[in-house]
S.K.: 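A single structure is presented below for examination.
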2 protein chains.
Amino acid sequence: MAAKRGIGATDASESAPSAASSGKEPRTARGRRTLRAILDAAAVEFGEKGFHEGSVSGITRRAGVALGSFYTYFDSKDDVFRALVRDMSGQVRDHVAPGLRSADHQIAAERAGLFHFIEFVREHKEIYRIIDEAEFVDPESFRQHYATTADRIRTRLEDAAERGELRGGMSEVHAWAIMGMNVFLGLRYGVWDEDMAPGDVADTVADMLKRGIGA
Amino acid sequence: MAAKRGIGATDASESAPSAASSGKEPRTARGRRTLRAILDAAAVEFGEKGFHEGSVSGITRRAGVALGSFYTYFDSKDDVFRALVRDMSGQVRDHVAPGLRSADHQIAAERAGLFHFIEFVREHKEIYRIIDEAEFVDPESFRQHYATTADRIRTRLEDAAERGELRGGMSEVHAWAIMGMNVFLGLRYGVWDEDMAPGDVADTVADMLKRGIGA
(Lines give C-alpha, C1' and ligand atoms only; values in the text may rest on other atoms or scores of the structure.)
Protein backbone atom coordinates (compact mmCIF):
# COMPACT_ATOMS: atom_id res chain seq x y z
CA MET A 1 0.00 0.00 0.00
CA ALA A 2 2.87 2.32 0.79
CA ALA A 3 4.30 1.53 -2.63
CA LYS A 4 1.01 2.37 -4.28
CA ARG A 5 0.90 5.69 -2.46
CA GLY A 6 4.44 6.31 -3.65
CA ILE A 7 3.55 5.88 -7.29
CA GLY A 8 0.59 8.17 -7.06
CA ALA A 9 2.44 10.67 -4.96
CA THR A 10 5.34 11.57 -7.18
CA ASP A 11 6.75 11.39 -10.65
CA ALA A 12 10.13 10.41 -9.25
CA SER A 13 9.95 7.12 -11.09
CA GLU A 14 9.57 8.87 -14.44
CA SER A 15 12.80 9.83 -16.12
CA ALA A 16 13.18 13.59 -15.83
CA PRO A 17 13.86 15.53 -19.03
CA SER A 18 17.48 16.62 -19.21
CA ALA A 19 18.19 20.07 -17.78
CA ALA A 20 20.51 21.08 -20.62
CA SER A 21 19.39 22.68 -23.90
CA SER A 22 18.28 20.26 -26.59
CA GLY A 23 21.23 18.32 -28.05
CA LYS A 24 23.55 19.56 -25.27
CA GLU A 25 23.00 16.86 -22.63
CA PRO A 26 26.18 15.99 -20.71
CA ARG A 27 27.58 12.54 -21.49
CA THR A 28 29.98 12.11 -18.59
CA ALA A 29 29.73 12.22 -14.80
CA ARG A 30 32.02 15.26 -14.84
CA GLY A 31 29.71 16.96 -17.34
CA ARG A 32 26.72 16.26 -15.13
CA ARG A 33 28.54 17.78 -12.16
CA THR A 34 29.33 20.91 -14.17
CA LEU A 35 25.69 21.17 -15.28
CA ARG A 36 24.60 20.81 -11.64
CA ALA A 37 27.04 23.54 -10.56
CA ILE A 38 25.69 25.86 -13.27
CA LEU A 39 22.07 25.29 -12.21
CA ASP A 40 22.89 25.84 -8.53
CA ALA A 41 24.75 29.04 -9.42
CA ALA A 42 21.83 30.16 -11.60
CA ALA A 43 19.46 29.71 -8.63
CA VAL A 44 21.63 32.04 -6.53
CA GLU A 45 22.17 34.56 -9.38
CA PHE A 46 18.49 34.82 -10.39
CA GLY A 47 17.34 34.52 -6.78
CA GLU A 48 19.44 37.53 -5.77
CA LYS A 49 19.24 39.70 -8.88
CA GLY A 50 16.14 38.53 -10.73
CA PHE A 51 16.12 37.47 -14.37
CA HIS A 52 16.71 40.84 -15.99
CA GLU A 53 19.64 41.90 -13.81
CA GLY A 54 21.11 38.40 -13.64
CA SER A 55 23.74 37.46 -16.24
CA VAL A 56 25.42 34.43 -17.75
CA SER A 57 28.81 35.76 -16.61
CA GLY A 58 27.44 36.13 -13.07
CA ILE A 59 26.36 32.48 -13.20
CA THR A 60 29.68 31.16 -14.49
CA ARG A 61 31.61 33.22 -11.93
CA ARG A 62 29.51 31.80 -9.09
CA ALA A 63 29.82 28.27 -10.51
CA GLY A 64 33.58 28.64 -11.02
CA VAL A 65 33.34 27.48 -14.62
CA ALA A 66 34.47 29.05 -17.89
CA LEU A 67 31.96 30.87 -20.09
CA GLY A 68 32.57 28.22 -22.74
CA SER A 69 31.36 25.52 -20.34
CA PHE A 70 28.08 27.37 -19.96
CA TYR A 71 27.49 27.31 -23.72
CA THR A 72 28.41 23.64 -23.81
CA TYR A 73 25.13 23.02 -21.97
CA PHE A 74 22.88 26.02 -22.60
CA ASP A 75 22.08 28.20 -25.58
CA SER A 76 21.20 31.37 -23.68
CA LYS A 77 20.19 33.05 -20.42
CA ASP A 78 16.55 32.31 -21.30
CA ASP A 79 17.41 28.64 -21.67
CA VAL A 80 19.15 28.29 -18.32
CA PHE A 81 16.25 30.11 -16.63
CA ARG A 82 13.76 27.70 -18.20
CA ALA A 83 15.92 24.74 -17.14
CA LEU A 84 16.17 26.15 -13.63
CA VAL A 85 12.38 26.39 -13.18
CA ARG A 86 12.04 22.76 -14.29
CA ASP A 87 14.93 21.76 -12.07
CA MET A 88 13.49 23.47 -8.96
CA SER A 89 10.09 21.94 -9.65
CA GLY A 90 11.79 18.52 -9.74
CA GLN A 91 13.86 19.24 -6.63
CA VAL A 92 10.72 20.05 -4.61
CA ARG A 93 9.03 16.90 -5.89
CA ASP A 94 12.03 14.72 -5.03
CA HIS A 95 12.50 16.35 -1.63
CA VAL A 96 8.94 15.71 -0.46
CA ALA A 97 8.53 12.28 -2.12
CA PRO A 98 10.10 10.08 0.61
CA GLY A 99 7.89 11.61 3.31
CA LEU A 100 4.78 11.12 1.18
CA ARG A 101 5.73 7.51 0.45
CA SER A 102 6.55 6.45 3.99
CA ALA A 103 3.38 7.78 5.64
CA ASP A 104 0.83 5.15 6.68
CA HIS A 105 -2.26 7.22 5.85
CA GLN A 106 -2.92 9.92 3.24
CA ILE A 107 -3.61 12.60 5.87
CA ALA A 108 -0.20 11.81 7.38
CA ALA A 109 1.26 11.88 3.86
CA GLU A 110 -0.15 15.37 3.22
CA ARG A 111 1.20 16.48 6.59
CA ALA A 112 4.66 15.14 5.68
CA GLY A 113 4.50 16.78 2.26
CA LEU A 114 3.85 20.22 3.76
CA PHE A 115 6.41 19.72 6.52
CA HIS A 116 9.19 18.80 4.10
CA PHE A 117 8.13 21.53 1.67
CA ILE A 118 8.49 24.24 4.34
CA GLU A 119 11.86 22.79 5.32
CA PHE A 120 12.96 22.81 1.69
CA VAL A 121 11.81 26.41 1.24
CA ARG A 122 13.77 27.57 4.29
CA GLU A 123 16.92 26.18 2.67
CA HIS A 124 16.02 27.49 -0.80
CA LYS A 125 14.22 30.77 -0.21
CA GLU A 126 15.03 31.85 -3.78
CA ILE A 127 12.56 29.31 -5.17
CA TYR A 128 9.62 31.70 -4.78
CA ARG A 129 11.28 34.58 -6.55
CA ILE A 130 12.36 32.30 -9.41
CA ILE A 131 9.07 30.47 -9.97
CA ASP A 132 7.04 33.65 -9.50
CA GLU A 133 9.24 35.54 -11.96
CA ALA A 134 8.67 32.72 -14.47
CA GLU A 135 5.09 34.03 -14.76
CA PHE A 136 6.61 36.97 -16.64
CA VAL A 137 9.85 35.63 -18.08
CA ASP A 138 8.65 32.20 -19.20
CA PRO A 139 4.87 31.77 -18.72
CA GLU A 140 4.90 28.27 -20.20
CA SER A 141 7.29 26.99 -17.49
CA PHE A 142 5.22 28.71 -14.82
CA ARG A 143 2.03 27.05 -16.03
CA GLN A 144 3.75 23.70 -16.48
CA HIS A 145 5.09 23.77 -12.93
CA TYR A 146 1.68 24.27 -11.33
CA ALA A 147 -0.30 22.10 -13.74
CA THR A 148 2.12 19.19 -13.19
CA THR A 149 2.13 19.62 -9.42
CA ALA A 150 -1.67 19.76 -9.26
CA ASP A 151 -1.95 16.64 -11.43
CA ARG A 152 0.39 14.79 -9.11
CA ILE A 153 -1.63 15.83 -6.05
CA ARG A 154 -4.93 14.87 -7.68
CA THR A 155 -3.61 11.42 -8.54
CA ARG A 156 -2.45 10.75 -5.00
CA LEU A 157 -5.78 11.99 -3.53
CA GLU A 158 -7.80 9.81 -5.90
CA ASP A 159 -5.61 6.79 -5.13
CA ALA A 160 -6.06 7.40 -1.41
CA ALA A 161 -9.84 7.68 -1.81
CA GLU A 162 -9.80 4.31 -3.59
CA ARG A 163 -7.85 2.84 -0.69
CA GLY A 164 -10.51 4.21 1.64
CA GLU A 165 -8.22 6.70 3.38
CA LEU A 166 -10.00 9.78 2.00
CA ARG A 167 -13.63 10.47 1.11
CA GLY A 168 -14.75 9.66 -2.42
CA GLY A 169 -15.05 12.46 -4.96
CA MET A 170 -11.50 13.75 -4.74
CA SER A 171 -10.97 16.07 -7.68
CA GLU A 172 -8.82 18.69 -9.33
CA VAL A 173 -10.46 21.29 -7.05
CA HIS A 174 -9.10 19.51 -3.96
CA ALA A 175 -5.68 19.28 -5.59
CA TRP A 176 -5.53 23.00 -6.39
CA ALA A 177 -6.81 23.87 -2.91
CA ILE A 178 -4.06 21.82 -1.25
CA MET A 179 -1.39 23.15 -3.60
CA GLY A 180 -2.49 26.73 -2.92
CA MET A 181 -2.43 26.20 0.85
CA ASN A 182 1.04 24.73 0.71
CA VAL A 183 2.46 27.45 -1.55
CA PHE A 184 1.14 30.23 0.69
CA LEU A 185 2.14 28.51 3.94
CA GLY A 186 5.63 28.03 2.46
CA LEU A 187 5.77 31.74 1.64
CA ARG A 188 4.62 32.80 5.10
CA TYR A 189 6.49 30.28 7.30
CA GLY A 190 9.39 29.44 5.00
CA VAL A 191 10.37 32.69 3.27
CA TRP A 192 8.90 35.61 5.21
CA ASP A 193 9.47 34.44 8.76
CA GLU A 194 10.53 31.28 10.59
CA ASP A 195 8.50 32.14 13.70
CA MET A 196 6.61 28.84 13.76
CA ALA A 197 8.03 25.30 13.59
CA PRO A 198 7.18 23.56 10.29
CA GLY A 199 5.80 20.64 12.32
CA ASP A 200 3.27 22.89 14.06
CA VAL A 201 2.11 24.41 10.77
CA ALA A 202 1.80 20.93 9.26
CA ASP A 203 -0.13 19.58 12.30
CA THR A 204 -2.70 22.37 12.02
CA VAL A 205 -3.21 21.74 8.32
CA ALA A 206 -3.40 17.95 8.78
CA ASP A 207 -6.16 18.41 11.34
CA MET A 208 -7.96 20.81 8.99
CA LEU A 209 -7.71 18.27 6.17
CA LYS A 210 -8.80 15.40 8.38
CA ARG A 211 -11.95 16.82 9.94
CA GLY A 212 -12.43 20.33 8.59
CA ILE A 213 -12.94 23.47 10.66
CA GLY A 214 -16.74 23.30 11.10
CA ALA A 215 -17.88 23.18 14.74
CA MET B 1 -24.83 38.13 14.34
CA ALA B 2 -24.71 38.90 10.64
CA ALA B 3 -23.49 42.37 11.53
CA LYS B 4 -20.79 40.96 13.76
CA ARG B 5 -19.65 38.64 10.98
CA GLY B 6 -19.56 41.64 8.68
CA ILE B 7 -17.24 43.62 10.89
CA GLY B 8 -14.84 40.75 11.30
CA ALA B 9 -15.05 39.83 7.65
CA THR B 10 -13.93 43.01 5.99
CA ASP B 11 -12.34 46.37 6.46
CA ALA B 12 -15.00 47.97 4.29
CA SER B 13 -16.12 50.14 7.19
CA GLU B 14 -12.66 51.67 7.58
CA SER B 15 -11.96 54.69 5.46
CA ALA B 16 -9.61 53.63 2.66
CA PRO B 17 -6.43 55.64 2.19
CA SER B 18 -6.65 57.89 -0.84
CA ALA B 19 -5.37 56.34 -4.07
CA ALA B 20 -3.61 59.50 -5.19
CA SER B 21 -0.02 60.41 -4.29
CA SER B 22 0.41 62.19 -0.97
CA GLY B 23 -0.92 65.76 -1.09
CA LYS B 24 -2.61 65.13 -4.44
CA GLU B 25 -5.99 63.83 -3.28
CA PRO B 26 -8.87 64.99 -5.50
CA ARG B 27 -11.21 67.53 -3.85
CA THR B 28 -14.16 67.37 -6.20
CA ALA B 29 -16.46 64.66 -7.53
CA ARG B 30 -15.08 65.33 -11.00
CA GLY B 31 -11.54 64.88 -9.71
CA ARG B 32 -12.50 61.58 -8.10
CA ARG B 33 -13.97 60.40 -11.41
CA THR B 34 -10.76 61.31 -13.23
CA LEU B 35 -8.68 59.48 -10.62
CA ARG B 36 -10.95 56.43 -11.02
CA ALA B 37 -10.55 56.55 -14.81
CA ILE B 38 -6.75 56.71 -14.44
CA LEU B 39 -6.67 53.70 -12.09
CA ASP B 40 -8.96 51.66 -14.38
CA ALA B 41 -6.78 52.54 -17.37
CA ALA B 42 -3.64 51.65 -15.39
CA ALA B 43 -5.11 48.20 -14.66
CA VAL B 44 -5.58 47.59 -18.40
CA GLU B 45 -2.19 49.07 -19.34
CA PHE B 46 -0.13 47.16 -16.73
CA GLY B 47 -2.30 44.06 -17.14
CA GLU B 48 -1.58 43.93 -20.87
CA LYS B 49 1.99 45.20 -21.00
CA GLY B 50 3.40 44.64 -17.54
CA PHE B 51 5.02 47.35 -15.46
CA HIS B 52 8.22 47.82 -17.46
CA GLU B 53 6.58 48.07 -20.88
CA GLY B 54 3.59 50.01 -19.58
CA SER B 55 3.78 53.82 -19.71
CA VAL B 56 2.13 56.89 -18.25
CA SER B 57 1.22 58.06 -21.77
CA GLY B 58 -0.40 54.66 -22.43
CA ILE B 59 -2.47 55.11 -19.28
CA THR B 60 -3.61 58.64 -20.08
CA ARG B 61 -4.48 57.65 -23.66
CA ARG B 62 -6.64 54.77 -22.41
CA ALA B 63 -8.24 56.98 -19.76
CA GLY B 64 -8.85 59.78 -22.26
CA VAL B 65 -7.24 62.37 -20.00
CA ALA B 66 -4.40 64.83 -20.55
CA LEU B 67 -0.91 64.02 -19.32
CA GLY B 68 -1.20 67.00 -16.96
CA SER B 69 -4.23 65.40 -15.29
CA PHE B 70 -2.14 62.33 -14.50
CA TYR B 71 0.45 64.44 -12.70
CA THR B 72 -2.32 66.26 -10.84
CA TYR B 73 -2.89 62.97 -8.98
CA PHE B 74 0.31 60.92 -9.24
CA ASP B 75 4.03 61.69 -9.04
CA SER B 76 5.25 58.86 -11.28
CA LYS B 77 4.60 55.51 -12.95
CA ASP B 78 5.83 53.81 -9.76
CA ASP B 79 3.28 55.77 -7.76
CA VAL B 80 0.30 54.84 -9.90
CA PHE B 81 1.39 51.18 -9.84
CA ARG B 82 1.56 51.23 -6.05
CA ALA B 83 -1.85 52.91 -5.90
CA LEU B 84 -3.24 50.33 -8.31
CA VAL B 85 -2.15 47.36 -6.15
CA ARG B 86 -3.81 48.95 -3.11
CA ASP B 87 -6.88 49.78 -5.18
CA MET B 88 -7.24 46.21 -6.53
CA SER B 89 -6.75 44.79 -3.06
CA GLY B 90 -9.58 47.05 -1.87
CA GLN B 91 -11.79 46.19 -4.83
CA VAL B 92 -11.53 42.47 -4.09
CA ARG B 93 -12.30 43.09 -0.42
CA ASP B 94 -15.33 45.25 -1.26
CA HIS B 95 -16.58 42.82 -3.91
CA VAL B 96 -16.62 39.80 -1.58
CA ALA B 97 -17.76 41.67 1.55
CA PRO B 98 -21.57 41.61 0.97
CA GLY B 99 -21.55 37.83 0.40
CA LEU B 100 -19.49 37.26 3.54
CA ARG B 101 -21.81 39.49 5.56
CA SER B 102 -25.10 38.02 4.43
CA ALA B 103 -24.22 34.34 5.00
CA ASP B 104 -25.89 32.71 8.02
CA HIS B 105 -22.92 30.52 8.98
CA GLN B 106 -19.16 30.97 8.60
CA ILE B 107 -18.80 27.94 6.30
CA ALA B 108 -21.42 29.53 4.03
CA ALA B 109 -19.57 32.82 4.35
CA GLU B 110 -16.29 31.24 3.19
CA ARG B 111 -18.17 29.61 0.33
CA ALA B 112 -19.62 32.97 -0.71
CA GLY B 113 -16.21 34.64 -0.40
CA LEU B 114 -14.61 32.16 -2.81
CA PHE B 115 -17.59 32.23 -5.18
CA HIS B 116 -17.54 36.02 -5.49
CA PHE B 117 -13.74 36.07 -5.69
CA ILE B 118 -13.73 33.74 -8.71
CA GLU B 119 -16.48 35.84 -10.31
CA PHE B 120 -14.44 38.98 -9.71
CA VAL B 121 -11.30 37.42 -11.16
CA ARG B 122 -13.13 36.39 -14.33
CA GLU B 123 -14.05 40.04 -14.88
CA HIS B 124 -10.60 41.32 -13.86
CA LYS B 125 -8.15 38.70 -15.07
CA GLU B 126 -5.35 41.29 -15.00
CA ILE B 127 -5.40 41.30 -11.18
CA TYR B 128 -3.05 38.29 -10.98
CA ARG B 129 -0.47 39.75 -13.30
CA ILE B 130 -0.53 43.06 -11.44
CA ILE B 131 -0.35 41.73 -7.89
CA ASP B 132 2.20 39.06 -8.83
CA GLU B 133 4.36 41.64 -10.59
CA ALA B 134 4.26 43.76 -7.43
CA GLU B 135 6.51 41.10 -5.85
CA PHE B 136 9.26 42.48 -8.09
CA VAL B 137 8.22 46.08 -8.77
CA ASP B 138 6.97 47.03 -5.32
CA PRO B 139 7.60 44.24 -2.75
CA GLU B 140 6.14 46.30 0.10
CA SER B 141 2.72 46.54 -1.63
CA PHE B 142 2.83 42.82 -2.40
CA ARG B 143 3.52 41.94 1.21
CA GLN B 144 0.96 44.43 2.47
CA HIS B 145 -1.74 42.97 0.23
CA TYR B 146 -1.32 39.43 1.53
CA ALA B 147 -0.61 40.34 5.15
CA THR B 148 -3.74 42.50 5.28
CA THR B 149 -5.90 39.89 3.60
CA ALA B 150 -4.68 37.13 5.94
CA ASP B 151 -5.32 39.33 8.99
CA ARG B 152 -8.85 39.95 7.82
CA ILE B 153 -9.47 36.22 7.31
CA ARG B 154 -8.00 35.34 10.69
CA THR B 155 -10.24 37.85 12.43
CA ARG B 156 -13.38 36.50 10.80
CA LEU B 157 -12.40 32.87 11.60
CA GLU B 158 -11.70 33.72 15.24
CA ASP B 159 -14.98 35.62 15.52
CA ALA B 160 -16.85 32.66 14.03
CA ALA B 161 -15.17 30.25 16.46
CA GLU B 162 -16.33 32.48 19.30
CA ARG B 163 -19.87 32.35 17.94
CA GLY B 164 -19.59 28.55 17.91
CA GLU B 165 -19.74 28.23 14.11
CA LEU B 166 -16.15 26.98 13.76
CA ARG B 167 -13.91 24.87 16.00
CA GLY B 168 -11.79 26.67 18.58
CA GLY B 169 -8.12 27.31 17.86
CA MET B 170 -8.56 29.20 14.61
CA SER B 171 -5.21 30.83 13.84
CA GLU B 172 -3.02 32.60 11.32
CA VAL B 173 -2.20 29.17 9.82
CA HIS B 174 -5.88 28.59 8.96
CA ALA B 175 -6.09 32.08 7.49
CA TRP B 176 -3.05 31.59 5.24
CA ALA B 177 -4.30 28.15 4.20
CA ILE B 178 -7.69 29.55 3.14
CA MET B 179 -6.11 32.55 1.41
CA GLY B 180 -3.75 30.24 -0.51
CA MET B 181 -6.59 27.95 -1.61
CA ASN B 182 -8.62 30.88 -2.83
CA VAL B 183 -5.75 32.53 -4.71
CA PHE B 184 -4.87 29.30 -6.53
CA LEU B 185 -8.47 28.35 -7.26
CA GLY B 186 -8.99 31.86 -8.65
CA LEU B 187 -5.96 31.39 -10.90
CA ARG B 188 -7.11 27.98 -12.15
CA TYR B 189 -10.87 28.57 -12.51
CA GLY B 190 -10.90 32.34 -12.97
CA VAL B 191 -7.86 33.19 -15.12
CA TRP B 192 -6.65 30.00 -16.84
CA ASP B 193 -9.94 28.41 -17.76
CA GLU B 194 -13.65 28.86 -17.04
CA ASP B 195 -14.43 25.15 -17.44
CA MET B 196 -16.11 24.84 -14.03
CA ALA B 197 -18.87 26.97 -12.56
CA PRO B 198 -17.66 29.12 -9.62
CA GLY B 199 -20.53 27.70 -7.55
CA ASP B 200 -19.30 24.14 -8.04
CA VAL B 201 -15.74 25.06 -7.06
CA ALA B 202 -17.06 26.89 -3.99
CA ASP B 203 -19.33 23.98 -2.99
CA THR B 204 -16.40 21.55 -3.04
CA VAL B 205 -14.26 23.85 -0.92
CA ALA B 206 -17.09 24.55 1.54
CA ASP B 207 -17.54 20.81 2.08
CA MET B 208 -13.77 20.41 2.54
CA LEU B 209 -13.76 23.22 5.12
CA LYS B 210 -16.83 21.88 6.90
CA ARG B 211 -15.84 18.27 7.43
CA GLY B 212 -12.40 17.75 5.92
CA ILE B 213 -11.43 15.10 3.42
CA GLY B 214 -10.60 12.25 5.82
CA ALA B 215 -12.68 9.09 5.30
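Residue numbers begin at 1 in each chain, while the letters A, B, ... track the order of the sequences.
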S.K.: Return the minimal non-hydrogen interatomic distance between B:Ala215 and A:Gly164, and the atom names on each side.
M.R.: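 Closest approach of B:Ala215 to A:Gly164: CB-O, 3.2 Å.
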S.K.: Picking from B:Met179, B:Met181, B:Met196, B:Met208, which has the most non-hydrogen pairs under 4.5 angstrom with chain A?
M.R.: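 The answer is B:Met181.
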S.K.: State, with a plain yes or no, whether a side-chain heavy atom of A:Ile178 is found less than 4.5 Å away from one of B:Ile213.
M.R.: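 In contact.
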S.K.: To see if you've got the definition right, give the donor-acceptor pairs under 3.5 angstrom between chain B and chain A.
M.R.:
residue  : atom : partner  : partner atom : Å
B:Glu165 : O    : A:Ala215 : N            : 3.3
B:Arg167 : N    : A:Ile213 : O            : 3.0
B:Arg167 : NE   : A:Gly212 : O            : 2.9
B:Arg167 : NH2  : A:Arg211 : O            : 2.8
B:Glu172 : OE1  : A:Arg188 : NH2          : 3.0
B:Glu172 : OE1  : A:Tyr189 : OH           : 2.9
B:Glu172 : OE2  : A:Arg188 : NE           : 3.3
B:Glu172 : OE2  : A:Arg188 : NH2          : 3.4
B:Arg188 : NE   : A:Glu172 : OE2          : 3.3
B:Arg188 : NH2  : A:Glu172 : OE1          : 3.0
B:Arg188 : NH2  : A:Glu172 : OE2          : 3.4
B:Tyr189 : OH   : A:Glu172 : OE1          : 2.8
B:Leu209 : O    : A:Ile213 : N            : 2.6
B:Leu209 : O    : A:Gly214 : N            : 3.4
B:Lys210 : O    : A:Gly214 : N            : 3.3
B:Arg211 : O    : A:Arg167 : NH2          : 2.8
B:Gly212 : O    : A:Arg167 : NE           : 2.9
B:Ile213 : N    : A:Leu209 : O            : 2.6
B:Ile213 : O    : A:Arg167 : N            : 3.0
B:Gly214 : N    : A:Leu209 : O            : 3.4
B:Gly214 : N    : A:Lys210 : O            : 3.3
B:Ala215 : N    : A:Glu165 : O            : 3.3

S.K.: If I measure from the heavy atoms of chain B, does A:Ile107 come under 4.5 Å with its side chain, its backbone, both, or neither?
M.R.: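 A:Ile107 touches chain B through side-chain heavy atoms alone.
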S.K.: Measuring heavy-atom distances to chain B, does A:Val183 have an atom under 4.5 Å in its side chain, in its backbone, in both, or in neither?
M.R.: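 It is the side chain, since no backbone atom gets that close.
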